[in-house]
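See structure below.
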Amino acid sequence: MAYWLMKSEPGTFSIDDLAARPKGTSQWDGVRNFQARNYMREMKTGDEVFFYHSSCDDVGIVGIAKVVREAYADHTAFDPKDAHFDPKSKRDAPTWMMVDIKFVKKLKRTIGLAELKADRKLDGFILTRKGSRLSVMPVAAPHWKAILQKE
DNA sequence: GCCAACGTTGGC
DNA sequence: GCCAACGTTGGC
């Protein structure tokens, strides 16, 4: 079992939005970065995911979800009307993939970015690495545990 | 709104 | 293959 972190702007799709979906489940579409896509292809059913709110007043980890469907074609890339349309992605050879995740729980409080940056136990975490903009990333087991202990 | 950092594109 | 220009991300 592996651990991951996925970023979302709460103004677009928040942890509450995920919880409100039927069965608390949603596809994770719109990823258009190769490294992030590659990580999604590694995800296995049952893997756990930190849900992170970015570009908002309260930036940080807000909840936990789990992977319920492994990588498949992101069909929004085929739709010319979709904001994330990519003409280079073909139905018979999709460039972009998505997974489905399911709401598990909200944390009792947001574990803020500043707090994550300040924790020496989290050295090496991709999220807090200078200049990192990845929206999907792995979380090492010791890091996962250290973050949970902050709750 | 600003801007640093990064990824992508396209001319050469 | 190089690299400048451009677009995006995302914290502040």
Side-chain angles (χ1 to χ4, degrees), chain A residues 2-21 26-43 47-67 70-140 142-151:
Chain A
Y3 301 107
W4 307 93
L5 180 144
M6 295 169 114
K7 292 180 184 174
S8 185
E9 298 186 15
T12 304
F13 190 74
S14 70
I15 185 81
D16 292 325
D17 292 330
L18 177 64
R21 286 292 171 91
S26 176
Q27 63 191 27
W28 199 265
D29 58 280
V31 171
R32 297 292 180 268
N33 170 281
F34 288 101
Q35 210 175 343
R37 179 208 63 185
N38 293 346
Y39 283 133
M40 285 201 295
R41 286 204 291 220
E42 292 179 28
M43 291 182 180
D47 283 359
E48 293 191 280
V49 179
F50 277 138
F51 198 108
Y52 178 93
H53 280 176
S54 66
S55 298
C56 60
D57 291 341
D58 196 18
V59 167
I61 295 168
V62 294
I64 295 174
K66 65 179 179 182
V67 177
E70 295 175 11
Y72 60 107
D74 181 344
H75 55 75
T76 66
F78 307 138
D79 179 2
K81 291 189 293 296
D82 192 277
H84 300 290
F85 173 60
D86 180 357
K88 292 194 292 300
S89 184
K90 305 298 181 189
R91 286 181 186 278
D92 55 355
T95 306
W96 304 114
M97 312 294 286
M98 59 189 179
V99 298
D100 288 356
I101 65 167
K102 180 180 171 67
F103 176 81
V104 173
K105 66 167 191 169
K106 284 174 80 169
L107 300 185
K108 296 186 194 77
R109 65 183 188 89
T110 300
I111 300 174
L113 180 59
E115 191 179 348
L116 295 168
K117 281 180 176 171
D119 191 339
R120 292 278 71 80
K121 288 198 293 294
L122 298 178
D123 284 353
F125 189 18
I126 295 170
L127 181 76
T128 51
R129 207 176 280 168
K130 182 174 158 61
S132 174
R133 297 180 315 181
L134 257 189
S135 63
V136 176
M137 69 192 75
V139 181
H143 288 171
W144 179 275
K145 194 175 170 189
I147 292 165
L148 277 186
Q149 283 168 354
K150 294 171 165 299
E151 188 182 354

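Atom set for the values below is all heavy atoms of this structure, side chains included, hydrogens, waters and symmetry mates excluded. Protein chains get the first letters and strands the later ones, always in sequence-line order, with residue 1 at the start of each.
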Can you check the [X] [atom1] to [N] [atom2] distance for me, whole Å?
X	N	atom1	atom2	result
A:Gln35	C:dT9	CD	P	15 Å
A:Arg32	C:dG10	CZ	P	15 Å
A:His53	C:dT9	NE2	C1'	17 Å
A:Met137	C:dT9	CE	C1'	12 Å
A:Glu9	C:dG10	CD	P	7 Å
A:Ile126	C:dG10	CD1	P	13 Å
A:Arg133	B:dC6	CZ	P	8 Å
A:Lys7	B:dC6	NZ	P	12 Å

Phosphate contact ([N] OP1 or OP2) by [X] side-chain N/O below 4.0 Å:
X	N	value
A:Tyr52	C:dT9	no
A:Lys130	B:dA4	no
A:Lys88	B:dT8	no

Using the side-chain heavy atoms of A:Asn33, tell me which of these nucleotides is nearest: C:dC12, C:dG10, B:dG7.
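From the listed options, B:dG7 comes nearest.
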Closest to the A:Phe34 side chain, choosing from B:dG7, C:dG11, B:dT8
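Selected nucleotide: B:dT8.
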Run the ring-ring contact (aromatic ring centres under 6.0 Å, His included) test on A:Trp28 and A:Phe51 for me, step by step, so that the C-alpha distance in whole Å, both residues' side-chain angles and the decisive distance to 0.1 Å come before the verdict.
CA-CA 12 Å; A:Trp28 199 265; A:Phe51 198 108; 5.6 Å; yes
Between [X] and [Y], does any side-chain N to carboxylate O distance fall below 4.0 Å?
X	Y	answer
A:Arg37	A:Glu42	no
A:Glu48	A:Lys66	no
A:Lys105	A:Glu151	yes
A:Lys88	A:Asp86	yes

Give one of base, sugar-phosphate or nothing for A:Ser55, where a contact means two heavy atoms less than 4.0 Å apart.
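Base, at least one base atom sits under 4.0 Å.
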